[in-house]
J.: 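Input: one structure, supplied below.
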Amino acid sequence: MSLRTDITRAIADARDRAVASGALTIPGGAPLPAIGLERPAQPEHGDWASNAAMQLAPVARSAPMRIAETLVANLEAPPSVADVAIAPPGFLNIRLDPAWVAAQVGPIREAGEAYGRNLVETPRRINVEFVSANPTGPLHIGNARGAFVGDVLSRVLTAAGHAVTREYYFNDFGGQVKALGASVRALRAGDPIPEDGYRGEYVKEMVASVPDEVVRAAEAATGDEVDWVYGRWASEVQRLGIEQSLAALGVGFDVWKTESSIHDEGWVSRGVERLREAGYVFENEGATWFRATSFGEDQDRVINRSNGQPTYFAADIGYVSEKFSRGFDELIYVWGENHHGAVARLVHAAEALGHDPDAVRILLYSWVRFVREGEAVSMSKRSGEFIGLDDLMREVGADAVRWFFSSRAFTSGIDFDLELAKKQSSENPVYYVQYAHARASSILRNAAEGGTPPDAGRTGELLAHPAELELIRHLLDFPDTVAIAAERRETHEVPRYAYELASAFSAFYRDCKVLTDDASLSSARLALVDATRAVLANALDLLGISAPDSM
RNA sequence: GCCCCCGUAGCUCAGCGGAUCAGAGCGAGGGACUUCUAAUCCCUAGGUCGCAGGUUCGAAUCCUGCCGGGGGCGCCA
């Protein structure tokens, strides 16, 4: 499937043969360690290197160098491999056959958009829920990270071959909706906004456009219901705005789910009933509780409050059932780390409902600290003090923002300096990658005008320059990059890869003139340019970033 | 008090199921444009990988303790 898996498998086979023939003994039948394979930094260490012998040393109770020799003696190398050298303290340094490498241009080019796709042997049905910001105001820059982490992760999982459903969950049921409604009511009446109300400009804008039927419904209502009437209307307005903002960012969703629908369709009551039958629910002090302590948590969790209102957790119980009922193999939740406290109870509730707890994966991304000229910018919808996501995209640019968020591990807390981002916008590495794509496109255009067609038929013999081979080796890395990112549910390796590919292409451009008097060589190099252009486009597509034909 | 992330070059961050890892981008200094796109390329500078122990033949990477930053520990979401 990929070079990495080919070579790894060959080493594993060599090990197994050695064990079968008695050349390698594993005392006590100890479990075999995984075979590590990496791209060495120094070229003299080959194209790939494996630490398999050193990993095996403790379980085989033998010297790494001797094991390495045994592995090499039993190795049936794939055609891609030219030779395998042993280096102290026991590395296998693997060198690829340059002619084989050069001959891969054709297959990569033919695969085109399909290259680096459908890599997994067993596709899974995966639900990715992300953003899920409350519909109490516009998206602000605090929501940006979740949006791009979820979006890029979904793209990578899809590319790897999984069936991904992207989902947004609207909390339209909780007290924050009532608080939003109370703010609208207060502003309309000229009263002060309640303590827990919302103070943003957008609330005032909404107040100016409350439809007549909403006003009539509110006038007909009594007590708290007045706030709910305004709140339901206002949250629906915000919800539409959020959908538009996300669409403008290129962040798409397949399913928009509301908390109220989870309640209305009975998922919550049925879920709680199932938990009750399983013995995980009890009543105490007028409230209904989930016995989280059965799963090692330090306290039990309230499902229904003593005032009769369900908690957010109640909806989570219903929602997790509802999601599994749609046949997903895995549920991914992209949450901000402030939800850390809710992780254990959700996983345990899923387990108590009879689901595989490992199928519920919660990815917590760390907070972004937004800084403007050294000062932290506070972000609060209630105070109305925040920077809109739409504003950020206008200020800094969508491609630069996407690159910024997708090139960092989501577990790292990061600083986002708004002034610096604007200043460095033109220096952003994303443009470097796009530029490489534009440059490749330009060469292909020139060739087409000059009547030189790309031809990958003889690249195996015609392409041998170090810069050519290095570029092709990078192209060959793409499927592994996608597969590893998908497997780890970590996508920040993709921008890094894209940058390195662009860099290898720049070196090639510097060292190898594509359009020359030698028609055969030109055609072969054009095929390489075309393959590179396609892979750059594929990598950028994984990030949701455009691949321009000219800049 | 307990739990979870994080601490690596001036800045922003990779690397962290050990070895063949001291890395990238930006910034700083120097150089290359009658070009298949200079939004590019080449060179230079720089870090006791927070601190202290431990495990190991070998630790940025694993363990323990401290220090520092962030986030949790609600009948809030």
Side-chain angles (χ1 to χ4, degrees), chain A residues 33-34 36 38-42 44-46 49-51 54-55 57-58 64 87-91 93 132-134 136 171 173-177 179 196 259 284-289 297-299 301-313 315 336-344 364-369 403-404 407-417 420-421 423-424 426-436 438-447 450 452 492-493 495-496 499-500 502-503 506-507 509-516 522 525-526 529 550-551:
Chain A
E38 62 178 15
R39 301 294 307 274
Q42 279 89 351
E44 58 269 30
H45 296 138
S50 175
N51 63 354
M54 286 172 291
Q55 295 287 334
F91 283 100
N93 289 335
S132 297
N134 289 341
T136 52
N171 302 124
F173 200 79
Q176 76 279 358
V177 171
D196 63 347
E259 184 179 1
N284 187 31
E285 296 176 354
T288 306
W289 299 70
E297 291 187 52
D298 55 5
Q299 55 188 297
R301 308 290 178 181
V302 171
I303 298 171
N304 289 318
R305 304 182 190 119
S306 49
N307 67 4
Q309 288 294 313
T311 62
Y312 182 85
F313 176 48
E337 69 171 336
N338 58 324
H339 288 84
H340 170 252
V343 169
L364 298 177
Y365 60 87
S366 294
W367 273 159
V368 182
R369 205 171 66 107
W403 186 274
F404 181 86
S407 58
R408 284 134 172 93
F410 60 76
T411 49
S412 288
I414 52 181
D415 280 359
F416 193 113
D417 189 314
L420 206 59
K423 219 176 295 173
Q424 291 180 352
S426 60
E427 306 298 327
N428 194 298
V430 69
Y431 300 115
Y432 180 84
V433 179
Q434 290 182 316
Y435 184 73
R439 182 182 256 170
S441 301
S442 171
I443 295 171
L444 291 164
R445 266 197 309 275
N446 292 341
T452 310
H492 65 276
E493 201 58 37
R496 177 171 301 274
Y499 188 89
E500 285 172 5
S503 179
S506 292
Y509 175 84
R510 180 189 69 226
D511 294 342
C512 301
K513 179 96 175 162
V514 176
L515 302 175
T516 66
S522 295
R525 285 182 171 168
L526 273 173
V529 172
S550 64
M551 286 176 76

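Heavy atoms only: backbone and side chains are in, while hydrogens, waters and symmetry mates are out. Throughout, protein chains are lettered first and strands after them, A, B, ... in sequence-line order, and every chain is numbered starting at 1.
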J.: Examine C76(B): is either OP1 or OP2 under 4.0 Å from a nitrogen or oxygen in the side chain of R301(A)? Give yes or no.
T.: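 The answer is no; no side-chain N or O of R301(A) sits under 4.0 Å from OP1 or OP2.
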J.: Determine the contact category for R510(A): base if any of its heavy atoms lies under 4.0 Å from a base atom, sugar-phosphate if only primed atoms, P, OP1 or OP2 are that close, otherwise nothing.
T.: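 Touches sugar-phosphate only.
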J.: Give the rounded distance in Å between these two atoms: CE of M551(A) and P of C36(B).
T.: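 Those two atoms, CE and P, are 20 Å apart.
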J.: Roughly how many Å is it from NE2 in H340(A) to C1' in G74(B), rounded to a whole number?
T.: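 One finds 16 Å between C1' of G74(B) and NE2 of H340(A), rounded.
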J.: NA contact type, Q434(A), heavy-atom cut-off 4.0 Å: base, sugar-phosphate, or nothing?
T.: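 Result for Q434(A) = nothing.
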J.: Does a side-chain N or O of Y432(A) approach OP1 or OP2 of C41(B) to a distance below 4.0 Å, or not?
T.: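 It does, given that an N or O in the side chain of Y432(A) lies less than 4.0 Å from OP1 or OP2 of C41(B).
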J.: Y509(A) OH to C33(B) C1': how many Å, rounded?
T.: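 For the pair Y509(A) OH and C33(B) C1', the rounded distance is 11 Å.
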J.: Start at the 5' end of RNA chain B and walk down; is the nucleotide closest to N304(A) or to P429(A) reached first?
T.: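 The residue mapped nearer the 5' terminus is P429(A).
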J.: Across all strands shown, which nucleotide pairs with C13(B) by Watson-Crick or G-U wobble geometry, both distances under 3.5 Å?
T.: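 WC or wobble partner is G23(B).
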J.: Looking only at the side chains, is there a donor atom on one of S366(A) and T411(A) sitting less than 3.5 Å from an acceptor on the other?
T.: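 No, T411(A) and S366(A) have no side-chain donor paired with an acceptor closer than 3.5 Å.
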J.: Could you tell me the separation between the CH2 atom of W367(A) and the P atom of U12(B), rounded to a whole number of Å?
T.: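 Roughly 20 Å, once rounded to whole Å.
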J.: How does protein reach along nucleotides 14-21 of chain B, written 5' to 3' as B (base within reach of a heavy atom under 4.0 Å), S (only sugar-phosphate), or - (no contact)?
T.: SS--SBBS
J.: With respect to the side chain of F404(A), which nucleotide from G70(B), G74(B), U12(B) is positioned closest?
T.: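 Minimum distance to the F404(A) side chain belongs to U12(B).
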J.: What is the distance, rounded to the nearest whole Å, between atom CH2 of W403(A) and atom C1' of U12(B)?
T.: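 Taking CH2 of W403(A) and C1' of U12(B), I get 14 Å after rounding.
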J.: Rounding to a whole Å, what distance do you find between E297(A):CD and G74(B):C1'?
T.: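 Going from E297(A) (CD) to G74(B) (C1'), I get 14 Å.
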J.: Look at the side chain of Q176(A) and decide which nucleotide, out of C73(B), C75(B), A77(B), has an atom nearest to it.
T.: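 So the side chain of Q176(A) is nearest to A77(B).
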J.: Could you state the atom-to-atom distance from CD of E337(A) to C1' of C6(B) in whole Å?
T.: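 Roughly 9 Å, once rounded to whole Å.
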J.: Donor-acceptor check, side chain of R305(A) to backbone of T311(A), threshold 3.5 angstrom: yes or no?
T.: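 No; judged by distance alone, with no hydrogens or angles, the pair does not exist.
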J.: By nearest nucleotide on RNA chain B, pick out whichever of L515(A) and G341(A) is the more 5' one.
T.: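 It is L515(A), whose closest nucleotide lies nearer the 5' terminus.
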J.: Is there a donor-acceptor contact under 3.5 Å from the side chain of S522(A) to the main chain of V514(A)?
T.: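 Confirmed, S522(A) side chain pairs with V514(A) backbone.
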J.: Please give, in whole Å, the distance from C3(B) P to Q299(A) CD?
T.: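 Going from CD in Q299(A) over to P in C3(B) covers 15 Å.
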J.: For the backbone of M551(A) and the side chain of Q434(A), can you confirm whether one donor and one acceptor N or O come within less than 3.5 Å of each other?
T.: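 No: the side chain of Q434(A) does not pair with the backbone of M551(A).
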J.: Is there a donor on the side chain of S306(A) or the base of C75(B) sitting less than 3.5 Å from an acceptor on the other?
T.: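 Result: at least one qualifying N/O pair found.
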J.: In terms of side-chain heavy atoms of E285(A), which of C75(B), G72(B), C41(B) is nearest?
T.: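 Nearest to the side-chain atoms of E285(A), counting from C-beta on, is C75(B).
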